[in-house]
Amino acid sequence: VTSALAAAQAPVIDWAGLSPLLALLGAAIVVLLGGLLRPRGVRAHAVPALTVLGFAAAIVCVAWQWDERDVLISGALKLDPLALVTTLLVCGTGIGATLLAWRDEAARQVAHGEFFSLLLISAAGMVVLGAADDLVTAFVGLELLSLPLYILCAALLRRERSLESGLKYLIIGSVGSATLLYGFALLYGATGQTRYGAIGAELAKGDLAGDVLVLTAIGMTIVGLAFKASMAPFHQWTPDVYEGAPTPVTAFMSVATKVAAFAVIIRLFDSALIPAVDDWRPVWIAIAVISILVGNVGALGQQSLKRMLAFSSIAQAGYILVGFVVVTELGIQAVLFYLVAYLFANLAAFAVVLLRERETEHGDGLDAMRGLGVDRPLAAVAMTLSMLSLAGIPATVGFIGKFRLIEAAAGGGSTWLGIVIVIGSMISLAYYLPVVAAVWLAPATAPAGAVPATDPVTGRPALAGGAPDEERPAGGVETQVVAAVMGACILVFGIVPQPLFDVVDKVANGIVPGPLITAAARAIGVL
Amino acid sequence: LTIHLSIVLWLPLAAGLLALLAGRAARWVLLAGTLLTLAYAIVIAIDFQSGGGAQYVTDERWIPALGIHYALAATGLNVLLLLTTAIVFVAAALWAAVRDEPREAPGAYALLMGLAQSGVMGAFLAQDLALFVIFFDLMLVPFYFLTLRWGTDPEQRAGAVLKLFIYTLVGSLLMLVGAIATGVLSGQASGNTTFLIAELRATLVSAGSQDWIFIVFALAFLIKMPAFPFHGWMPDGYRQMPIAALAVFTAILSKVAAYGFLHVVLPLYPEGAERWQDVVLALALASILYGSAMAFTATNARLVLGYSSVAQLGFIVLGIFALDARGANGALLQSVNHAIVGAAMILVVAALAARAGGSEDLRDMGGIATRAPAFAAVFLVLTFALLAMPGSANFIAEFLILLGVFEDKVAIAIVASIGVALAAVYALRLYIRAMHNRVGPHVESRELSLREAVVLVPLLLVVLALALYPQFALERGEPAVEGSLVAVQQQETPPLAASAGPAAREDAP
């Protein structure tokens with residue numbers, strides 16, 4: 001009777017708490033309508049401008065709700081620092097990706113309204129995922145983020161690789177989703193609950209310890225999430241999809257999806273599944289180590305920068321997981337800090353890759369980077385900082401991030417994971433540094449007597465190397481702005497990281513009640 | 001008066017940034033910056049109170065979340081090395097400035113040299129372990145770009161410098177884990193995570209942890225020096241580096257590693273040092289013999305000096321790991337000596353190449369002395385200093401080192417003595433093959449030009465000054481060196497006393 005009564009009561013909806021999500025969804029509709037505008041020039045600029053406004057509005061709402069703590073829509077979503085920071089990072093990435101896509105061929109081919117609207121919806125999915133406090137909501141969020149991305153990957157309608165990328169992502173992504181859904185269903189079957197907190201309470205009773213149903217559920221959940229976050233050995237789709245997708249989409253996907261995935265991993269495992277920490281921790285450790293090794297080794301010798309960055313993102317996901325698997329507050333701080341560092345570096349890198357895709361005839365190949373130091377010093381500095389940050393060289397934010405991760409690993413009694421991180425970093429130097437070298441070396445000379453190639457995107461004949469500047473295809477001011485801003489962030493937060501730490505510390509404090517962390521830490525023999 | 005070290009530390013980088021804006025005048029801006037830094041360093045060195053412990057202390061919380069302090073101090077260990085660094089960087093800046101080198105992008109070059117100097121000085125001054133590691137890694141970065149852009153051979157420099165970078169970062173990244181583990185493990189015992197070396201000395205990590213942390217630190221330092229068998233990056237790196245950068249690299253960066261042993265490893269990991277003493281001594285000995293033998297057979301003049309520095313650094317490590325105050329004192333003095341002499345010698349090689357048709361190969365040289373008596377004299381004095389002729393400060397330093405080793409490692413000391421003789425062989429061979437012998441095919445003997453003299457003569461004067469008054473260095477170093485050895489020497493006392501000491505402690509793995 002009581003349950004029927006509870007169901008009959010209309011849930012109280014905290015509209016203010018939902019405002020970032022509403023801003024994104026509202027913007028998606030406005031943008032879709034804006035895409036119907038007649039004058040082509042207006043449409044091409046008004047739509048991305050509205051998209052940026054939408055993301056900015058969401059960020060303003062986050063700032064407004066910054067100190068709120070609440071449970072929204074009868075426990076479906078949580079309003080806490082983790083959700084807010086996830087929203088912030090996703091929207092920040094969204095602004096970056098929108099700027100990159102401003103003049104992009106992909107946006108023109110699928111029509112501006114649809115393209116940017118899908119981007120906003122995907123971001124909304126990530127926001128839901130980051131805030132979800134319930135298995136069902138989490139799954140809805142996951143699909144909301146994935147489906148638009150499948151389409152966006154295939155947005156370059158006339159390029160086979162883009163279509164292949166979209167199709168591949170769709171198939172693999174569906175497998176991942178299905179696995180995850182199975183895991184969720186089994187988890188519900190074992191505990192009879194869908195709310196994270198209730199699942200945690202059920203598991204904490206102890207009579208489910210070692211239960212096959214729970215173990216299977218956890219296993220399938222891990223596999224599903226690893227698919228989505230592209231962690232080895234579930235990463236095979238990543239290089240192809242990243243390479244084939246339009247570069248602005250790749251940039252968005254590589255950063256925002258990871259942010260959302262780690263948000264859900266932290267929330268699900270550190271609250272709902274914390275009583276089963278001994279069961280899932282070894283699995284995540286294995287995935288972390290394999291990701292670091294596979295990602296770094298796979299990136300060696302890649303000629304396509306987007307493929308290289310795909311493997312690099314697998315390795316980076318492995319580093320970030322190290323912060324998660326130590327199951328301490330310090331570890332969660334390290335995860336979030338590193339995600340921010342990763343956002344700066346990846347957006348800068350993809351912005352420069354995109355710039356060169358448009359400016360040179362080398363596409364996203366390593367050769368495209370040659371001569372950048374002469375042509376575009378600012379972008380060259382940004383690319384250099386990005387690579388050094390990903391490699392973890394001091395005076396970049398990436399170094400501070402790695403420092404924190406290793407500190408968390410050592411503090412959690414797993415110093416050896418710190419050593420795995422630095423071994424990965426050593427390998428990574430062999431593919432990050434050649435990019436830096438190419439940036440500062442003289443431009444590649446076109447082979448003598450080469451036939452002018454056709455520009456793969458526009459179909460116009462590409463211009464010869466010696467063409468005057470004004471005749472070159474425009475790289476776009478926005479890409480350079482994104483690269484420069486991200487480069488500046490890498491340097492500034494590499495030297496003065498404390499403001500960032502203040503934010504992530506707040507998140508880590510709010511996320512898991514202290515006693516649980518301590519219990520988990522004690523369970524793995526830390527304290 | 002805490003800001004002085006910050007000024008001297010960041011002045012070179014500031015000059016470099018200013019130079020970036022100065023266009024063609026970049027080299028003079030950089031030179032002015034290095035001179036100002038030198039003036040500051042001289043004042044600090046003279047003002048330094050021997051035996052007065054850490055001075056000019058700066059200690060600010062830099063990244064509270066990580067427990068990293070921005071802690072700088074002038075100590076007996078680093079004050080002379082700081083001065084040496086300032087001198088060598090002035091020489092490098094002057095050498096480039098009077099030649100109007102490099103022709104392309106002088107602003108970027110100046111910025112990188114400024115960054116290099118700030119990085120090195122930061123590593124010397126840092127009193128926080130994490131800060132030390134950060135500067136230790138950071139100082140390598142400018143050399144990557146310097147070699148990439150202005151290196152000798154456009155075809156090979158990218159590969160050579162990649163090798164150098166990966167080699168040395170392999171060491172320093174492992175060292176990073178070691179440093180963090182030290183802070184965290186020590187913090188778990190004392191209650192707060194800190195990387196301040198002074199506080200870490202109060203709560204040493206357990207013997208088991210010291211063991212592996214010692215290994216990663218030693219590895220990082222031995223690669224950076226380089227010592228046999230970790231010198232794989234050296235031949236290619238030396239060949240490709242632009243000459244002024246190489247002078248700095250061979251003179252100063254290797255000394256940061258030697259300094260690291262005295263400043264970090266011996267005080268913080270005494271049990272590790274004690275346990276691995278024989279292994280490190282054996283490596284030092286191997287470096288001396290191998291470096292000498294290779295210096296004797298190499299025909300590229302740069303490599304002769306490269307291998308000679310492998311041998312010289314072997315001596316320095318030998319002195320440090322004698323775990324005896326005299327040996328360590330000698331090692332510190334030898335670090336200063338070799339920095340000045342090594343930098344001067346690299347510049348001499350450039351002067352030789354200018355007279356031998358641009359070739360740095362000994363087979364293309366010969367007979368350069370015929371019309372250049374002053375140049376020959378300068379070169380000869382430097383050669384004598386390199387081979388540690390009695391009367392030079394190098395002789396005093398090597399004597400102290402051997403004295404330290406003789407105490408309880410007689411066999412090693414005897415073998416090491418052979419190294420002293422071998423140094424005479426390769427140093428004189430370099431001098432004779434270049435300056436005397438049959439005149440080489442493209443050799444054009446010229447007297448020391450003004451723009452060579454303005455760099456080499458002051459360096460020579462520093463060498464002579466050290467020979468006449470080594471006390472200036474020794475008396476500043478002595479108390480600090482003894483302070484570094486305190487923890488190790490506690491280890492050497494009978495086990496009963498050691499277990500009562502504060503050092504031995506078990507903590508969580």
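In what follows, chains are A, B, ... by sequence order, proteins preceding strands, each numbered from 1. Just so you know, these numbers use all the heavy atoms, side chains as well, and skip hydrogens, waters and symmetry mates.
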Top contributor to chain A interface from B:L174, B:V161, B:L140, B:V133 [non-hydrogen pairs under 4.5 Å]: B:L174

B:W233 atom CH2: more than 12 heavy-atom contacts under 6.0 Å: yes

CD1-CG distance between A:I423 and B:L173, expressed to the nearest 0.5 angstrom: 10.5 Å

Proximity breakdown for B:T193 and chain A, heavy-atom pairs closer than 4.5 Å: side chain

For chain B, which residues of residues 397-409 of chain A have heavy atoms nearer than 4.5 angstrom: A:F399, A:I400, A:F403, A:R404, A:I406, A:E407

Part of B:Y70 within contact of chain A (heavy atom distance under 4.5 Å): neither

Exercise: identify the closest heavy-atom pair between A:P394 and B:L138: O-CD1, 3.7 Å

Closest heavy-atom pair and its distance - B:A181, A:T415: CB-CG2, 4.1 Å

Pick from B:V184, B:L176, B:I166, B:L66 with the largest number of heavy-atom pairs that fall under 4.5 Å of chain A: B:L66

Within 6.0 Å of CG in A:L378, more than 12 heavy atoms from elsewhere: no

Least distance between heavy atoms, B:I63 atom then A:P497 atom: CD1-CG, 3.4 Å

Sidechain-backbone polar pair: B:W62 side chain, A:I495 backbone, donor-acceptor under 3.5 Å: yes

Contacting moiety of B:L162, where chain A heavy atoms sit under 4.5 Å: side chain

Part of B:F145 within contact of chain A (heavy atom distance under 4.5 Å): side chain

B:D137 and A:I393, any side-chain heavy atoms less than 4.5 Å apart: no

Pairwise distance OH(B:Y144) to CG(A:L433) - rounded to 0.5 angstrom: 4.5 Å

Greatest number of heavy atom pairs closer than 4.5 Å to chain A - which of B:A158, B:G178, B:P64: B:P64

B:V141 portion near chain A, given a 4.5 angstrom heavy-atom threshold: side chain

